[in-house]
Peer 1: 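Mind having a look at this structure? Questions to follow.
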Amino acid sequence: MGVTILAVLAAIGGVLGILGGLALFAISSAVSFAIPGVAGLTAIVAIVVIVQSVILIAFAYGAWGLKPWAWVLGVIGAVLGIITSLAQLGGVSAASIAVDVVIYAVIIWYLSQPSIQRAFGRRA
């Protein structure tokens, strides 16, 4: 049941993340003339967000069928989520970042449980 919930939430998050990453690219293009350094940094963040989102969608697909490779993608997606959350320091509230980091840490903890690892065909 928990893996199914994670798969659905990962799919939703992945789609929304891709849309957000594309929006960041648009913002990057719009500010590239006025503030070149910020535009480059925004483009890098957009790439990371899109990569993480594609990983989440792949995880969702694999988790739905409990594919062994999906477990790895779930952990990688959560680690990237922590990194992208921490990269927002100074841009959004610390409480929002803390909530994101805790959520991703719980996902890593959940995926690390022996019964969940076995469900994905991994040795616990």
Side-chain angles (χ1 to χ4, degrees):
M1 178 72 154
V3 174
T4 301
I5 293 169
L6 271 182
V8 170
L9 292 176
I12 293 168
V15 169
L16 293 176
I18 288 174
L19 294 175
L22 293 174
L24 282 174
F25 268 127
I27 291 168
S28 173
S29 297
V31 300
S32 65
F33 298 110
I35 316 169
V38 172
L41 182 60
T42 305
I44 291 169
V45 171
I47 290 168
V48 172
V49 167
I50 290 172
V51 167
Q52 179 196 13
S53 299
V54 169
I55 289 171
L56 287 175
I57 290 170
F59 165 72
Y61 173 78
W64 194 262
L66 293 174
K67 305 292 184 193
W69 51 263
W71 184 90
V72 175
L73 290 182
V75 173
I76 290 171
V79 169
L80 282 176
I82 290 172
I83 292 168
T84 56
S85 295
L86 293 175
Q88 297 176 48
L89 282 171
V92 297
S93 74
S96 173
I97 293 170
V99 168
D100 285 352
V101 169
V102 167
I103 289 170
Y104 286 119
V106 168
I107 290 170
I108 292 170
W109 171 83
Y110 179 75
L111 289 173
S112 299
Q113 297 305 299
S115 61
I116 301 304
Q117 288 189 28
R118 281 192 299 276
F120 278 98
R122 299 182 54 85
R123 291 184 184 176

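Only heavy atoms go into these numbers, but all of them, side chains included; no hydrogens, no water, no symmetry mates. Quick caveat: nothing in here was measured; it's all calculated off a predicted structure. Starting from 1, each residue takes its place in the sequence as its number.
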Peer 1: Applying the 4.5 Å side-chain criterion to the ILVMFWY set and letting contacts propagate, would L6 and V99 be lumped into a single cluster?
Peer 2: yes
Peer 1: Looking at CD of Q52 and CD1 of I50, how far apart are the two atoms once the value is rounded to the nearest 0.5 Å?
Peer 2: 11.5 Å
Peer 1: Please tabulate, for side-chain N and O atoms in residues 56-72, each donor-acceptor pair with protein atoms closer than 3.5 Å (sequence neighbours left out).
Peer 2:
{"unit_1": "W71", "atom_1": "NE1", "unit_2": "L111", "atom_2": "O", "d": "2.5"}

Peer 1: Considering the options V79, L80, L86, which one meets the side-chain contact (heavy atoms from CB on, under 4.5 Å) requirement together with I82?
Peer 2: L86
Peer 1: Please check if I55 and V106 belong to a single hydrophobic cluster, counting links between Ile, Leu, Val, Met, Phe, Trp and Tyr side chain heavy atoms closer than 4.5 Å.
Peer 2: no
Peer 1: Could you give the distance from CD1 (I83) to OH (Y104), rounded to the nearest 0.5 Å?
Peer 2: 11.5 Å
Peer 1: Verify the cluster assignment for V48 and V45: are they in a single hydrophobic cluster under the rule of side-chain heavy atoms below 4.5 Å apart?
Peer 2: no
Peer 1: Applying the 4.5 Å side-chain criterion to the ILVMFWY set and letting contacts propagate, would Y110 and V102 be lumped into a single cluster?
Peer 2: no
Peer 1: Would you please test I116 and S112 for side chain to side chain contact (heavy atoms under 4.5 Å, CB included) and show each step?
Peer 2: CA-CA 7 Å; I116 301 304; S112 299; over 6 Å; no
Peer 1: Of the non-hydrogen atoms in R123 and Q117, which two are nearest, and what is the gap between them?
Peer 2: O-OE1, 3.2 Å
Peer 1: Which heavy atom of A78 sits nearest to which heavy atom of I108, and what is that distance?
Peer 2: CB-CG1, 3.5 Å
Peer 1: To the nearest 0.5 Å, tell me how far I47 CD1 sits from T42 OG1.
Peer 2: 11.0 Å
Peer 1: Which distance, rounded to the nearest 0.5 Å, do you find between the CG of L9 and the CD1 of I107?
Peer 2: 8.0 Å
Peer 1: Show me the donor-acceptor pairs, under 3.5 Å and distance only, between side chains in residues 15-27 and residues at least two apart or in other chains.
Peer 2:
none

